[in-house]
Amino acid sequence: MIAAITVLAVFSIERGERVRDAAELNRKAVTMAAAIERRAYSNSSFLRAGAALFGAQDEVTAEMFRTFVSELRLDADYRGAEGIGWAPAIGTSQVSEFEQSLNEGRVGLTKITPSLEQQPRRQLVPILYLQPDTLRNRRALGFDMYSEEVRREAMDEATRTVRPTATGRITLIQEGGGSDAGFLIYMPVFDGFGASRSLKGFIYSPFNAAQFVASASDLTQGGDAGIRLYDIRGSERQLMAQLDGWKEEGETVEREVDLANRTMVLVVQSQSDDVLSPLSMITLLFGLAVASLLLVVARLLTRQAQEDSRSLEWFAEQNSIRNSLTRELNHRVKNTLANVLSIVSLTRRRAESLDEFATGIDNRIRALSATHDLLTNSEWGTTPIASVVHVELAPYANDDDHTVDTGGPDVELAPNDALSLGLAIHELATNAAKYGALSCTGGKVEVRWSLVNDKLARIRWVESGGPEVSQPEKRGFGTDLIEKIVAHELRHPVELDFDPEGVRCTLLVPVREPSEFELRSSSPSTRGH
C-alpha cells in the first residue's frame, strides 16, 4: 500500500510539473510572438514616416536623408535592423543619371549590380542611400533589388497593398561572402494620387534574422527557451533564425507571427530535462516517511493544479489584451499620422520657400512631440490642461522682457483632446512671438481656463501690451489649423479675434470620463496576478 501511494504521489507531482511546464512554454511563446510583432511594427512605423518624407519631397538629398534617420532617435542597434535605406524605381534610360547620383561625393566608382548586360531588364530598384553609413552597409549600394525573385515578390506585394511588407528568407548583400539568413521590409513611395499616381521607389530596412530575433528576445523574460523562426514559402518551411539553446529533442509550441504583412512560424522549445523533479525524487526515496503526509501532499497538488489552470486562463486573457492593445496602438498611430499629414499639407500650401516649409514642419512636429511626451508619461491616460499649457509656453515663461500668466482649476483631458489643445497653444505662442505680445518688451500673455460644466472646459488666450493688431489680409497657416483642424478635433467652434489691443482666442475643450477612452480597467482579479 505504501509503495502504491508513493508511485501515485510521484505520478501526480510529475503531472503537475508537466502542466506547469506547458503553461510556462505557452507563456514564452505568446510573449516572444508579441515581441517579434512589436519589433516589426516599430520598424514599419519608421518606414511609414520615411515614405511620408519621400512622398512630400520632389527630391531627397543624401544630407536630408541622413538628417531624417538621425532625427528618428533609434536605439543603438536600430531595433534589430541593419539600418534604413532608399531605393528609387527607375527605367533603363535613367541608369547613367542614377550612377552619377550614387557616386557623387564618393571616392571610387560604384555601378548598378547586376549590370544590364549580365541580366537584361526594364525595371530596376537599385539602392541609393543606406544609413548608418558603415563599411558593411556600403557593400549594398547600387544593388538592384528588383533583379532578385524573393525581393521582387515582396516589392510587388507592398506596391499592391501599400503596406510595409517583409520578404522571405534571403542573404543580405551586406554579408559579403556569408550565408546568414536575413529579410527586408519594404514600404512603397508614390508620386501623385489615385489613378494618376506612379511608383517613386521604396524605403526599406534590412535585417539579419538571427539578430532581429535576438533583439526581440531581449524584450521578454525567460530567455532560456530554445527559439526558431521559419518562413513559409509554398509548402516548404525555411529556417530564418535559431537562437542558442536549441536542442534536437524537446517539447515545442508553435505560433504564427504576422511579421510586416508576411506570416511566419515561431517555434519555442522547452528547456526542461526529461528527468524526475527534485520533489519526485524525494517522494520516491522517502516514500515511507511521507506516506503519513499524503493528505497534505494531495491538497498541495490540487491547489497547484488550480493555480496552473488559472495561469492558463490568465495567459489567454493576456493574449486577448495584447491583440486589443495592438489594434488600439494602430488606431492612435493612424490618428497621429493623419494630424501630421494635415500639418504637412497646410504648411506646404502656405510656405513660400523650402526653408520656410522645413522650419514650419519642424516646429509643429516638435510641438506635437512635446504633447506626446506628456501623454506617454501619463501612459495615455488623462493629462492636465496646466501641463499642456506649461510645456508649450516654457520657451517664453522665463523671459524678463514680457510676462506669461497662466492659471485655472485642475482639469484633466483625454489624449486626443490634449494633442489638439497643444497644437493650438503652440500656434498662438508662435504668432505672439513673431508679431504679438511676446515680440516686444512689456508684452503680456494671459492664459486662463475654467469649467463651463462637468463636460466642457473653456480656455481663453488674451494678449496685451504688444504691437497694435490689424486684421490679417489673408488667412495664415495658424488660423487655418486652429479654426479647422483643432476645432474639428475638439468638436467645438473656436473664437479667434484680432483685437487691436492684442489677439484673443477662446477654445472649448471636452472633458470626458476616463471610461470613454481607456482601453480597459484593471479588475481585482487581474491585479492579483
Side-chain angles (χ1 to χ4, degrees), residues 28-50 69 72-85 127 130-132 134 136-137 139-140 145 148 150-151 153-155 157-158 163-176 178-187 202-233 237-246 254-269 322 326:
K28 291 178 180 178
V30 169
T31 55
M32 187 63 192
I36 289 177
E37 292 181 348
R38 191 156 71 246
R39 280 296 195 201
Y41 187 87
S42 176
N43 280 279
S44 296
S45 299
F46 298 145
L47 296 182
R48 289 183 187 273
V69 174
L72 289 178
R73 294 181 174 86
L74 305 177
D75 55 21
D77 64 351
Y78 280 68
R79 300 186 184 274
E82 298 274 344
I84 296 179
I127 300 171
L130 184 55
Q131 290 292 326
T134 63
R136 175 179 170 84
N137 280 342
R139 296 174 184 166
M145 295 185 286
E148 196 271 322
V150 177
R151 291 175 171 89
E153 289 176 356
M155 283 188 276
E157 180 65 11
R163 292 173 56 190
T165 301
T167 68
R169 176 189 170 115
I170 61 168
T171 298
L172 298 177
I173 303 301
Q174 289 94 317
E175 298 294 348
S179 59
D180 289 352
F183 63 95
L184 303 110
I185 299 180
Y186 292 105
M187 180 66 194
F202 295 88
I203 187 164
Y204 77 100
S205 284
F207 297 83
N208 179 287
Q211 293 177 4
F212 175 81
V213 174
S215 72
S217 178
D218 292 340
L219 300 177
T220 67
Q221 295 179 352
D224 58 336
I227 294 173
R228 277 183 173 178
L229 183 66
Y230 291 92
D231 177 54
I232 307 299
R233 187 169 180 81
R237 283 190 177 187
Q238 295 182 331
L239 180 62
M240 297 286 289
Q242 173 180 305
L243 297 189
D244 295 337
W246 183 271
E254 295 186 1
R255 288 287 184 276
E256 285 191 353
V257 178
D258 182 11
L259 198 158
N261 202 23
R262 187 178 185 90
T263 300
M264 295 190 181
V265 175
L266 174 71
V267 182
V268 180
Q269 183 185 63
R322 176 183 62 82
T326 300

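What you see is a predicted model, and the numbers here were worked out from it, not measured in a lab.
Between Pro206 and Gly83, the closest heavy-atom pair is CD-O, 3.5 Å. Residues Ile185 and Ser44 approach most closely at CG2-OG, 4.3 Å, considering heavy atoms.
Looking only at side-chain heavy atoms (C-beta outward), Pro164 and Asn261 stay at 4.5 Å or farther from each other. The closest side-chain heavy-atom distance from Tyr186 to Leu47 is not below 4.5 Å. Looking at heavy atoms from C-beta onward, Ile227 lies out of side-chain contact with Gln269 at the 4.5 angstrom threshold. The shortest side-chain heavy-atom distance between Val69 and Phe46 does not fall under the 4.5 Å cut-off. Residues Met240 and Phe183 form a side-chain contact, since some pair of their non-hydrogen atoms from C-beta on lies under 4.5 Å apart. Under the 4.5 Å side-chain criterion, counting only non-hydrogen atoms from C-beta, Trp246 is in contact with Arg228. Taking 4.5 Å as the limit, some side-chain heavy atom of Val213 sits within range of a side-chain heavy atom of Leu243.
Under the rule for a salt bridge (Lys or Arg N to Asp or Glu O under 4.0 Å), the partners of Arg262 that lie at least two apart in sequence or sit in another chain are Asp231. In this view, Glu256 satisfies the salt bridge (Lys or Arg N to Asp or Glu O under 4.0 Å) rule with no residue, not counting sequence neighbours. Contacts of Gln238 classified as side chain to side chain donor-acceptor pair (under 3.5 Å), with partners at least two apart in sequence or in another chain: none. In this structure, the side-chain contact (heavy atoms from CB on, under 4.5 Å) partners of Ile173, at least two apart in sequence or on a different chain, are Ala140, Phe143, Arg151. In terms of the salt bridge (Lys or Arg N to Asp or Glu O under 4.0 Å) criterion, Arg163 has no residue partners (sequence neighbours excluded). Not counting sequence neighbours, the partners of Arg255 by the side chain to side chain donor-acceptor pair (under 3.5 Å) test are Asn26. Glu175 meets the side chain to side chain donor-acceptor pair (under 3.5 Å) test with Arg136, Asn208; sequence neighbours excluded. Listed by chain and residue number, nothing satisfies the salt bridge (Lys or Arg N to Asp or Glu O under 4.0 Å) test with Arg139 (two or more places apart in sequence, or in another chain). By the side-chain contact (heavy atoms from CB on, under 4.5 Å) test, Ala40 pairs with Phe212, Leu259, sequence neighbours left out. Listed by chain and residue number, nothing satisfies the side chain to side chain donor-acceptor pair (under 3.5 Å) test with Ser205 (two or more places apart in sequence, or in another chain).
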Check against side-chain contact (heavy atoms from CB on, under 4.5 Å), Met145 and Leu184
CA-CA 10 Å; Met145 295 185 286; Leu184 303 110; 4.3 Å; yes
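Although no hydrogens or angles enter the test, the distance criterion places no donor-acceptor pair under 3.5 Å between the side chain of Thr263 and the main chain of Asp258.
Rounded to the nearest 0.5 angstrom, Thr31 OG1 and Ile36 CD1 are separated by 10.0 Å. Expressed to the nearest 0.5 Å, how far CD of Gln174 lies from CG of Leu130 amounts to 6.0 Å. How far CG of Leu229 is from CZ of Arg237: 10.5 Å, rounded to the nearest 0.5 Å. Interatomic distance, Leu266 CG to Met32 CE, rounded to the nearest 0.5 Å: 6.0 Å. For the atom pair CD1 of Ile170 and CG of Asp180, the computed distance is 12.0 Å after rounding to the nearest 0.5 Å. To the nearest 0.5 Å, the span separating CD1 on Ile84 from CD on Glu82 amounts to 12.5 Å.
One finds a salt bridge joining Arg233 and Glu153 here, because a Lys/Arg side-chain nitrogen approaches an Asp/Glu carboxylate oxygen to under 4.0 Å.
No side-chain donor from either of Arg39 and Tyr41 sits under 3.5 Å from a side-chain acceptor of the other.
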